[in-house]
Amino acid sequence: MKKVFSFILLAILAITLTACGGDKNETSEKDGNKKLVVGASAVPHAEVLDAAKPILKEKGIDLEVQVFQDYILPNVTLRDKDLDANYFQTPGYLALQMEENKDFDFVSVGEIHKEPIGIYSKEYKSLKDLPNGAKIIMSDSLSDHGRILPIFEKEGLIKLKEGVGANARVEDIVDNPKELDFSTLIEAKLLASSFESGEGDAVVINTNYALEGGVDIGKYGIAFEGDDVVPANLVVVRSEDKDREEIKTLVEVLKSKEIQDFILEKYQGAVTVSE
């Protein structure tokens with residue numbers, strides 16, 4: 001009798017689960033929209049995507065945004081096909097990630113906005129005010145170093161090996177009169193909290209993490225990348241998906257005047273738009 005009763009319970013459970021799944025599918029079919037799942041950093045990427053949701057819905061696409069707190073998982077999750085696209089990285093970072101991970105078969109399908117990396121200090125008003133031996137805290141992502149070190153070189157604080165350009169590394173510094181200390185490297189997502197804790201004489205923070213961490217960019221920013229050299233933030237997909245119509249529509253909406261105006265108005269110059 002107990003066996004019969006258990007069998008009946010299992011049958012009821014199976015029917016219930018099937019019915020639930022059926023209701024979900026019917027809703028999807030009734031809606032008629034195609035679903036896109038995009039991974040993004042919280043600020044500004046996820047905010048920009050949220051602004052694009054209503055426009056995409058009108059075009060037959062339901063956008064789901066998955067927010068990531070680091071720069072590693074969005075590419076791993078894209079590789080594993082749990083995302084249709086991600087929106088957080090620059091060309092240099094993408095190239096480095098694909099070089100280090102041979103199973104990342106990705107391609108950029110659109111440049112959306114730019115985020116100048118900034119150098120922040122609570123004590124000093126300019127880079128030239130930094131004392132001898134000043135401790136500079138930077139991201140441990142090597143692709144960022146080629147963006148950061150030229151800022152110091154432009155201000156005359158260091159000299160880099162000729163020709164290194166965007167591939168500059170700390171070991172490429174050939175002249176450092178003030179003996180600035182670039183040895184402290186931490187995860188990019190921790191830079192804002194490091195700055196707020198008063199660590200270092202200056203902290204170099206990626207704009208998205210400065211915004212997310214509530215850093216007063218106007219008050220504490222003492223130097224930034226020049227707009228002519230700031231790399232764009234990309235929408236990235238698996239190579240096999242680059243011609244999908246939903247992906248093309250996503251990029252068109254993100255590059256539309258409505259979304260580009262949203263970026264300019266909301267971030268007041270801390271984030272700029274790509275041409």
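Note that this is a predicted model, so its numbers are computed, not measured.
With hydrogens and angles disregarded, no donor-acceptor distance shorter than 3.5 Å links the side chain of E64 to the backbone of L36. Between the side chain of R238 and the backbone N or O of L83, at least one donor-acceptor pair lies under 3.5 Å. A side-chain donor-acceptor contact under 3.5 Å links K178 to the backbone of K128. A distance-only check finds no donor-acceptor pair linking the side chain of R147 to the backbone of V230 [under 3.5 Å]. With hydrogens and angles ignored, the 3.5 Å screen pairs no side-chain donor or acceptor of K242 with any backbone N or O of V107. No side-chain donor-acceptor contact under 3.5 Å links E111 to the backbone of S274. For K122 (side chain) and Y220 (main-chain N/O), no donor-acceptor pair under 3.5 Å exists by modelled atom type. Panel note: side chain Q268, backbone E265; a donor-acceptor pair is recorded below 3.5 Å. At least one donor-acceptor pair under 3.5 Å links the side chain of S193 to the backbone N or O of L190.
Between V229 and P150, every side-chain heavy-atom pair lies at or beyond the 4.5 Å cut-off. Residues Y267 and T272 have side chains not in contact (no heavy-atom distance under 4.5 Å, counting atoms from C-beta outward). Contact of the L185 side chain with the H145 side chain is registered, since non-hydrogen atoms from C-beta on lie closer than 4.5 Å. A heavy-atom distance below 4.5 Å is not found between the side chains of L149 and D172.
Note that CG of N86 and OG1 of T77 are 8.5 Å apart. Values are rounded to the nearest 0.5 Å. Taken to the nearest 0.5 Å, the CD1 atom of I117 stands 4.5 Å off from the CD1 atom of I148. Here the straight-line distance linking atom CD1 of I263 with atom CD of E115 works out to 9.5 Å at 0.5 Å rounding. To the nearest 0.5 Å, the span separating CG on L94 from CG on N75 amounts to 7.0 Å. Atom CE of residue M98 and atom OG of residue S239 lie 6.0 Å apart, to the nearest 0.5 angstrom. The CD1 atom of I61 lies 11.5 Å from the CD1 atom of I55; values are rounded to the nearest 0.5 Å.
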Discussion item. Evaluate T90 against N233 for side chain to side chain contact (heavy atoms under 4.5 Å, CB included), listing each step before the verdict.
Written reply: CA-CA 5 Å; T90 60; N233 278 232; 3.9 Å; yes
- Task: Report the C-alpha separation of K159 and V174 in whole Å, then their side-chain angles, then the decisive distance to 0.1 Å, and conclude whether the side chain to side chain contact (heavy atoms under 4.5 Å, CB included) test is met.
- Result: CA-CA 6 Å; K159 186 176 180 181; V174 294; 4.0 Å; yes
message = With ring pair (Phe, Tyr, Trp, His ring centres under 6.0 Å) as the criterion, how do Y87 and H113 come out once you've worked through the C-alpha distance, each side chain's angles and the decisive distance to 0.1 Å?
response = CA-CA 10 Å; Y87 170 38; H113 73 268; 5.4 Å; yes
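Salt bridge K57/D62: present, at least one basic N to carboxylate O contact under 4.0 Å. Salt bridge K53/D50: present, at least one basic N to carboxylate O contact under 4.0 Å.
Every residue meeting the salt bridge (charged side-chain N to carboxylate O under 4.0 Å, His left out) condition with D261, not counting sequence neighbours, appears here in chain and number order: K257.
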Using atom types as modelled, flag every donor-acceptor pair under 3.5 Å from a side chain in residues 203-215 to any protein atom, sequence neighbours excluded.
{"from": "N206", "atom 1": "ND2", "to": "D144", "atom 2": "OD2", "distance (Å)": "3.1"}
{"from": "T207", "atom 1": "OG1", "to": "P116", "atom 2": "O", "distance (Å)": "2.3"}
{"from": "N208", "atom 1": "OD1", "to": "Y71", "atom 2": "OH", "distance (Å)": "3.1"}
{"from": "N208", "atom 1": "ND2", "to": "Y71", "atom 2": "OH", "distance (Å)": "3.3"}
{"from": "Y209", "atom 1": "OH", "to": "Q69", "atom 2": "O", "distance (Å)": "3.2"}

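Side-chain rings of F88 and H45 stay apart, their centers remaining 6.0 Å or farther from each other.
Contacts classified as salt bridge (Lys or Arg N to Asp or Glu O under 4.0 Å) and involving residues 67-95 (residues at least two apart or in different chains) are given here: R79-D103, K81-E240, D84-R244.
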